[in-house]
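Everything quoted here is computed from the prediction, not taken from an experiment. Any value given below was found using the heavy atoms of this structure, including those in side chains, with hydrogens, waters and symmetry copies removed.
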Amino acid sequence: MDDQWGQTWSLELCAWIIAARLNSADNAQQEAQRAAWLLGAARARQRKVGVSLGGMRPLADRHAHAHTLIAAWLSDEQISAQMEAGSRGHGQAVRIALGEPTTRRVTAAGPEGLTDREREVARLVAEGLTSAEIGAQLRIGHRTVDVHVRNIMRKLGVRRRVAIATWVAAQPDSSYPTS
């Protein structure tokens, strides 16, 4: 089904439900991250279909309430990072909402030999994120991030994360995936 309206509001509702259940969740921190991620994905979908919760007071109030519940478990920075990641990765949002594993991206090596995922990791390294923070945003393990970082260093012929950041800064913006 390609019902953009239904998916948009279902993602928002799923985030609210997850947020409402945080106090009884086995891993509340992880579930708070998922709820924040879904709020970001829902926001991206809302922009895509041209709607805003601002004009729908009861929905805006529920959104704010979910945000408050999430804030009991995550810092403002963590919430912002998860919402941004959800906004960029909203194509996987239904799978995330359902708790299903996300599929790996097709490996399409660029001219420097980096895959799409490696370019995405490189961009986040350049933003100064740790492996754990990158893993949380991309919904992969920090050890998987470390493997990507090692592969990036090998392919670029560099030995430090700062060299990856320098390399990213020299690249055109269009060479980095944002979703």
Side-chain angles (χ1 to χ4, degrees), residues 1-105 116-117 119-142 144-145 148 173-174 176-179:
M1 264 177 109
D2 192 26
D3 174 14
Q4 294 301 309
W5 281 89
Q7 286 181 15
T8 297
W9 300 116
S10 294
L11 295 173
E12 183 80 26
L13 179 60
C14 186
W16 298 351
I17 292 168
I18 293 167
R21 294 179 174 176
L22 287 174
N23 286 332
S24 62
D26 289 337
N27 189 338
Q29 180 109 13
Q30 184 177 350
E31 286 299 287
Q33 290 175 342
R34 185 165 71 117
W37 194 97
L38 288 167
L39 286 179
R43 182 180 57 194
R45 295 278 182 101
Q46 290 160 13
R47 281 193 302 259
K48 186 176 177 180
V49 297
V51 297
S52 166
L53 292 180
M56 299 177 236
R57 189 72 179 157
L59 298 179
D61 290 346
R62 292 301 302 166
H63 178 92
H65 181 66
H67 193 278
T68 300
L69 294 172
I70 294 165
W73 295 95
L74 302 176
S75 70
D76 289 340
E77 294 80 21
Q78 290 173 310
I79 293 170
S80 293
Q82 287 300 318
M83 288 183 70
E84 179 60 31
S87 183
R88 284 193 315 266
H90 68 88
Q92 295 281 342
V94 172
R95 295 183 73 92
I96 300 290
L98 295 173
E100 296 176 355
T102 55
T103 57
R104 293 183 180 216
R105 295 173 190 222
D116 286 346
R117 180 60 103 189
R119 285 193 299 275
E120 190 173 23
V121 168
R123 181 181 53 79
L124 294 171
V125 166
E127 290 178 15
L129 275 63
T130 66
S131 292
E133 292 167 331
I134 293 169
Q137 279 201 25
L138 300 179
R139 304 191 64 78
I140 59 177
H142 68 89
T144 302
V145 173
H148 286 307
D173 289 340
S174 63
Y176 291 91
T178 57
S179 60

(message) For the residue pair Gln33 / Trp37, report whether a side-chain donor-acceptor contact shorter than 3.5 Å exists.
(response) no
Quick one: closest heavy-atom pair of [X] and [Y], and the distance?
X	Y	answer
Ala36	Gln82	CB-CB, 3.7 Å
Ala32	Ile70	O-CG2, 3.8 Å
Gln78	Trp73	OE1-O, 4.5 Å
Gln137	Ala81	NE2-CB, 3.6 Å
Leu38	Ala15	CB-CB, 3.8 Å
Ile18	Ala35	CG2-CB, 3.7 Å

For the [atom1] atom of [X] and the [atom2] atom of [Y], what is their distance to the nearest 0.5 Å?
X	Y	atom1	atom2	result
Arg45	Trp9	CZ	CH2	12.5 Å
Arg123	Ile134	CZ	CD1	9.5 Å
Arg34	Leu22	CZ	CG	10.0 Å
Glu12	Leu59	CD	CG	7.5 Å
Lys48	Ser87	NZ	OG	11.5 Å

Heavy-atom side-chain contact between [X] and [Y] under 4.5 Å:
X	Y	answer
Arg43	Met83	yes
Arg117	Leu138	yes
Glu133	Glu127	no

(request) Assess whether atom CZ of Arg47 is packed by more than 12 heavy atoms of other residues, nucleotides or ligands within 6.0 Å. (result) yes
(request) Verify, without hydrogens or angle tests, whether Ser80 (side chain) and Asp76 (backbone) share a donor-acceptor contact under 3.5 angstrom. (result) yes
